[in-house]
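Accompanying notes for the structure given below.
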Amino acid sequence: KNAKIGGTLTEPLVGGVATFSNLSITDARTFKFEATDGIVSSESTSFVITPAAPAKLIFHQQPVNTVAGVPTISAAVEVKDKFGNVVATDSSTIVSLSIGSGPSSARLSGTLTEKTSDGIATFSGLSLTRAATFRLEATSTGLPIEKSASFTILPTAPAALVFHLQPANTVAGVPTISTTIEVKDKYGNVVTNDSTTVVSLAIASGPKTAVLSGTLTETASDGIATFSGLSLTRAAAYKLQASSTGLPTAKSKTFTILPAAPAALVFHQQPVNTVAGVPAISTTIEVKDKYGNVVTNDSTTVVSLALGSGPSSAVLSGTLTATAADGIATFSGLSITHAGAYRLEANSTGLPAVKSASFSILPTAPASLVFLSTQPTTDTVNGILNPAIVVRIKDKYGNVVNTNTSQVTLTLSSKPTGGTMTGVLIENAIAGVATFSDVKLGVAGKYVIEATDGILPVGKSKTITVA
């Protein structure tokens, strides 16, 4: 009833006959004409209007939303003539399907070419693995391209964790480590309909003593777990690890925690025992931040060395100021001539002073025999000299050579006529000191005693007056 007849629909009777010669109908179906003169009417026998030649493709069954990788995409494409009639007589047109719009990397899988049957090409069992919005495109040789309505491929079940926003380099102790973890299906789609997966973060690689601080467990929202405000105090290279029950763990790319500002000086290489006057004292001072990290990006801090403890008359010689290089100030070629136990002290503007461990300066080789300065200068004939005669074996810097056990002999260098010296006049040095406790001078007058060990220059006492 909705069909329209084209042409001249009113004609006069000629000899009792009305002739209609230019009629047309665009709807392809079975019809009957009805003729009337306003008084009586009559119907024709049935006749069929067949479709015209194929002229276009039309999606009759549109593809609907489905899940990635599932072969449930179906579509039916009609071959129609220019009047919109399905060319039901057509069972030979080849129709091909492809992606009309969607991600460029997407691939439509399944049987993508079908032959029409009664003017309709039917497709089923197709699939897409990329989650996105798509339109399909139908093509056939000689006919215009036709696109389907939009439909959506949804992600399948969670299968993997992937670091999307990678953690970036930052400073020790500053809560600025941020990262996002995507929950993806087995095809690499973010599971945007997932807001239940719980993701935990931990250190995957880095110093064993390092601690990751902050909120380390988050629930995904639209398939993404977001972490922020995290921190690490140990300066080093790290990777983070994301985990969730039932899913494989994932590791981030490497990022670096940099040292914070200089806060302390620390002796790294301690000075060791050495010999007096030898420029062999070496040490290294690390510039560290408040977390104990060497400030490896510091090449400006100036560090000075001095004696922190030891004999008051001692002098530290050498270059006593050094600028840090990569957070370390290096000192070498230093010396001390005064034997004793010492600690060094390191200083730098704005930082607390720090002292080294204790070390010893040892005497060098024996160089002289020296009478103790508190030797006796007067005494009585045949009286035991008091205080006792003490001879020290010293190095060239005046240090007693406390490892020396030389045999020291006393003789008279000068004496009055008939003067004598009796007692034990040969003693072995103990710790570099020879003590003569029973020496007597037998004649009044002035005496000078000399000490020898057969190797070192002769040592002489002060003048001793005996009355």
Side-chain angles (χ1 to χ4, degrees), residues 271-281 307 309-318 333-343 358-416 418-443 445-466:
V272 298
N273 298 347
T274 189
V275 175
V278 177
I281 300 173
L307 292 176
S309 67
S312 59
S313 60
V315 175
L316 179 64
S317 299
L334 308 183
S335 64
I336 300 172
T337 58
H338 198 134
Y342 292 87
R343 294 175 72 188
S358 182
F359 65 101
S360 294
I361 296 298
L362 306 173
T364 184
S368 62
L369 298 171
V370 178
F371 282 80
L372 188 66
S373 59
T374 57
Q375 66 189 51
T377 56
T378 61
D379 211 316
T380 59
V381 173
N382 287 323
I384 296 175
L385 294 181
N386 186 28
I389 298 293
V390 176
V391 178
R392 293 179 171 179
I393 296 101
K394 291 189 174 184
D395 65 14
K396 63 182 177 180
Y397 301 111
N399 301 301
V400 175
V401 183
N402 53 16
T403 57
N404 185 273
T405 58
S406 296
Q407 187 178 79
V408 179
T409 301
L410 296 184
T411 58
L412 290 175
S413 174
S414 65
K415 60 183 179 177
T420 61
M421 180 171 62
T422 60
V424 179
L425 302 181
I426 299 175
E427 292 284 359
N428 289 324
I430 298 174
V433 178
T435 302
F436 301 84
S437 58
D438 62 349
V439 176
K440 301 175 182 178
L441 298 174
V443 175
K446 296 183 181 296
Y447 293 81
V448 174
I449 301 172
E450 64 182 20
T452 60
D453 68 351
I455 298 173
L456 300 178
V458 173
K460 292 186 177 183
S461 72
K462 296 177 181 178
T463 299
I464 302 172
T465 301
V466 174

Handout entry: I281 side, atom CD1; T274 side, atom OG1 - distance, nearest 0.5 Å
Key = 6.5 Å
Practice task
Could you tell me which non-hydrogen atom of P279 sits nearest to which non-hydrogen atom of S335, and how far apart they are?
Solution key: CA-CB, 3.8 Å
Handout entry: OG1-NZ distance between T378 and K446, expressed to the nearest 0.5 angstrom
Key = 10.0 Å
Completion exercise
Of all heavy-atom pairs linking V370 and S368, the shortest is CG2-OG, 3.6 Å
Problem - Partners passing side-chain hydrogen bond (donor to acceptor under 3.5 Å, both in side chains) against S360 (at least two apart in sequence or in another chain) - result: none
Exercise for the section: Using side-chain contact (heavy atoms from CB on, under 4.5 Å) as the criterion, list what pairs up with S414, not counting sequence neighbours. Expected result: V448
Completion exercise
Output for pair (L316 CG, L334 CG), nearest 0.5 Å, gives 5.5 Å
Completion exercise
Here the pair of heavy atoms bringing A367 nearest to P457 is O-CD, 3.7 Å
Practice task
Please report the shortest heavy-atom distance between F371 and G459, naming the atom on each side.
Solution key: CE1-O, 3.3 Å
Which side-chain N or O atoms in residues 421-441 pair as donor and acceptor under 3.5 Å with protein atoms at least two apart or in another chain?
from, atom 1, to, atom 2, distance (Å)
D438, OD1, V424, N, 3.0

Fill in the blank from the handout: Sequence neighbours excluded, the answer for side-chain contact (heavy atoms from CB on, under 4.5 Å) partners of P311 is A314, H338, Y342
Completion exercise
Here the gap from F359 atom CZ to I336 atom CD1, rounded to the nearest 0.5 Å, amounts to 4.5 Å
In a table with atom names and distances, give each donor-acceptor pair under 3.5 Å that connects a side chain of residues 402-411 to protein atoms at least two apart or in another chain.
from, atom 1, to, atom 2, distance (Å)
N404, OD1, S406, N, 2.9
N404, OD1, S406, OG, 2.9
N404, ND2, S406, OG, 3.1
T411, OG1, E450, OE2, 3.2

Problem - Distance in Å, T374 OG1 paired with L372 CG, rounded so as to fall on 0.5 Å steps - result: 3.5 Å
Show me, pair by pair, the donor-acceptor contacts under 3.5 angstrom made by side chains of residues 389-401, not counting sequence neighbours?
from, atom 1, to, atom 2, distance (Å)
D395, OD1, Y397, N, 2.8
D395, OD1, G398, N, 3.0
D395, OD1, N399, N, 2.8
D395, OD1, N399, ND2, 3.4
D395, OD2, T364, N, 2.9
D395, OD2, N399, ND2, 3.0
N399, OD1, A339, N, 2.8
N399, ND2, T337, O, 2.7

